[in-house]
Structure formats: structure tokens, C-alpha cells
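What follows is a short report on a single structure.
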Amino acid sequence: MYEPIDQTFFQAPVLELSRNLIGQYIVHEQPPGSSVPYLVARIVETEAYQGPIDRAAHSFSNQPTKRTEVMFKEAGLVYTYQMHTHILMNVVSGAVGVPHGVLIRAAEPIEGFEQMQMNRGEKIQMKDWTNGPGKLTKALGITMKYYGHHWSEKPLFISEGPEVKEIETGPRVGIGNTGEAVDYPWRFFEKGSKYVSKYR
DNA sequence: AGAGGGATGGTCT
DNA sequence: GACCATCCCTCTA
């Protein structure tokens, strides 16, 4: 019933892709024998990162490193990386050689509630399962093993969700000391969603 | 080879 | 609002 979105979806310019990702489903199929067949969340918040023209981007130097090399490959690949004790996930964007990316910051739980509760721990309330980039990957069970995987292939893929009414923009979160980049309005989120990571 | 530090989150005050 | 857990990448030498 959930089917991967077409690869061409990822070919849009990074700001457009960041906006288009709002409202789409992230589907993580679970191994046979799991309590649920898949975990699903609906994206409500993204941020665009634009490589060499963006001081806040990991790929600002425009030189591939062990961490960022996947960003220089084709759009639609998964860029995961570790931040302190958490894994964050991105959609690679831009032509080959142009290291853009879209950070998926927050989503709304859709299916697999019991498993998400287990993944996040008993004490965490539903509204806090997926309202941040590190929380989201933990709830969905996404790890570094998906580095370089394609977002249009099972078992982890984007699937088309319902139309979103209104999308707001603003400055990105958590990128202090990046000069002019701190004010770029490259954050996108669904207006009024209670699963957005934070309002500012 | 080692220091520095980060696109975060949970807990405590 | 402050503290810090804890990994591993990146830069410099």
C-alpha cells in the first residue's frame, strides 16, 4: 500500500525539494516477524543545506570527506551522520558534484505506534517521539547502515502523502557562528503542526 | 597522533 | 535555562 516515490522527485533544486518533502511519508519496512510491517511518519519540517555557498553546510569546503562524500553523489541518496549521541538523516540533493542536502528535522507518527514507543522509551510522550531530527531517527529505527541507500528503494523510502495546506519558512535551527548563513530562511515546516521541533 | 567540537536530547534546577 | 553524555569526524601538525 505504501509505494516508493519516483526517483525524479529528488531532482528538483534543493529549496524546492525541501518544500516538496513536507507532507510526504517516510516508510521504514520492518524485518519479517516484527510486531508491525512498517513504521511510517509524515514529514512536517525540513532544512536545506547548500554546500559551497552555505557556511552552515557540512559540505561547505566543497571537498568530499569520509563523512560527506555521499552528498557529492546523485540526488535521492541517504546522508546519515552522527551528532553527539544521535543519528540525523538527510536527502542528498543537487546534481552530481554539487553537495546539497535536505535535513529531515521532524515528522508526525502515522503507523507503528507501539514500536515507536518502544524505540523511544516508555517515559516519552507521543508528541515527543518524532519532533526533532535525532528523535525521529530513533523512533523509526534508522541507523548509519542506511548511509548511501536510495530514498526511493525499500526498505526505507519516501512515499507520497496528502497535500499540505500551508508551509512556513524561517531561519535554520542550531547553526550558530556561521556568519551570514544563520539568517537564511531555508527551514520549511507545516503551519500549526504540533510535531515541529521548535518555534522561534 | 591528538585536540576540538558539533544540523541534539534528556534531565535537573 | 544550564549541564553534559559520548561518538567520531575534521583539521592541524
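The basis for the numbers below is simple: all heavy atoms, side chains too, and nothing from hydrogens, waters or symmetry mates. Below, read A as the first sequence line, B as the second, and so on, with proteins coming before strands; counting in each chain starts at 1. Note that the structure is a prediction, hence the values are computed from the model and not measured.
One atom, OH of A/Y81, and another, C1' of C/dT6, lie 16 Å apart when rounded to the nearest Å. Computed from coordinates, the A/L103 CG to B/dG6 P distance equals 16 Å when rounded to whole Å. Rounded to whole angstrom, the span from the NZ atom of A/K123 across to the P atom of B/dG9 amounts to 17 Å. Between the OH atom of A/Y147 and the P atom of C/dC8 there is a distance of 14 Å, given to the nearest Å. The CG atom of A/L136 sits 13 Å away from the C1' atom of B/dG9 (whole-angstrom rounding). The distance from atom CZ of A/R120 to atom P of B/dT8 is 14 Å, rounded to the nearest whole Å. Note: NE2 (A/H86) to C1' (B/dT11) measures 12 Å, nearest angstrom. Remark: C1' of B/dG10 and CD of A/Q125 are 14 Å apart, rounded to the nearest angstrom.
For C/dC7, neither phosphate oxygen OP1 nor OP2 lies less than 4.0 angstrom from any side-chain nitrogen or oxygen of A/Q82. Note on A/R105: a side-chain N or O is less than 4.0 Å away from OP1 or OP2 of B/dT8.
When only modelled atom types and interatomic distance are considered, A/E111 and A/Y2 share a side-chain donor-acceptor pair under 3.5 Å. No donor-acceptor contact under 3.5 angstrom links the side chains of A/K127 and A/N131, judged on distance only.
With C/dA5, B/dG9, B/dA7 as the candidates, the nucleotide lying closest to the side chain of A/I175 is B/dA7.
Remark: A/T65, A/K66, A/R67, A/T68 in residues 43-80 of chain A come within less than 4.0 Å of DNA chain C through at least one heavy atom.
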Worked check of side-chain contact (heavy atoms from CB on, under 4.5 Å) between A/I22 and A/I167:
CA-CA 8 Å; A/I22 303 293; A/I167 295 171; 3.9 Å; yes

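With A/M118 as reference, A/Q115 is the one residue of A/R120, A/M116, A/Q115 to meet the side-chain contact (heavy atoms from CB on, under 4.5 Å) rule. Of the residues listed (A/I5, A/V92, A/V91), the one engaging A/W151 in a side-chain contact (heavy atoms from CB on, under 4.5 Å) is A/V91, and it is the only one.
Judged by distance alone, with hydrogens and angles left aside, the side-chain atoms of A/N119 form a donor-acceptor pair with the main-chain N or O of A/A139 at under 3.5 Å. Checked by atom type and distance alone, the side chain of A/T137 pairs as donor or acceptor with a backbone atom of A/G134 at under 3.5 Å.
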Base-pairing string, 5' to 3', of DNA chain C - Watson-Crick or wobble, under 3.5 Å, | interstrand:
|||||.||||||.

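Taking the six-membered ring for Trp and the full ring otherwise, A/F157 and A/H28 have centroids separated by 6.0 Å or more. The six-membered or imidazole ring of A/Y81 lies away from that of A/H86, with a centre-to-centre distance of 6.0 Å or more.
Aromatic stacking is marked for A/H84 over B/dT8, as both cut-offs hold: 5.5 Å for the centres and 30° for the planes.
Within 4.0 Å of A/D128, counting heavy atoms only, lies no atom of the nucleic acid at all. In this structure, A/L88 reaches the sugar-phosphate backbone alone: every heavy-atom distance under 4.0 Å involves primed, P, OP1 or OP2 atoms, never a base.
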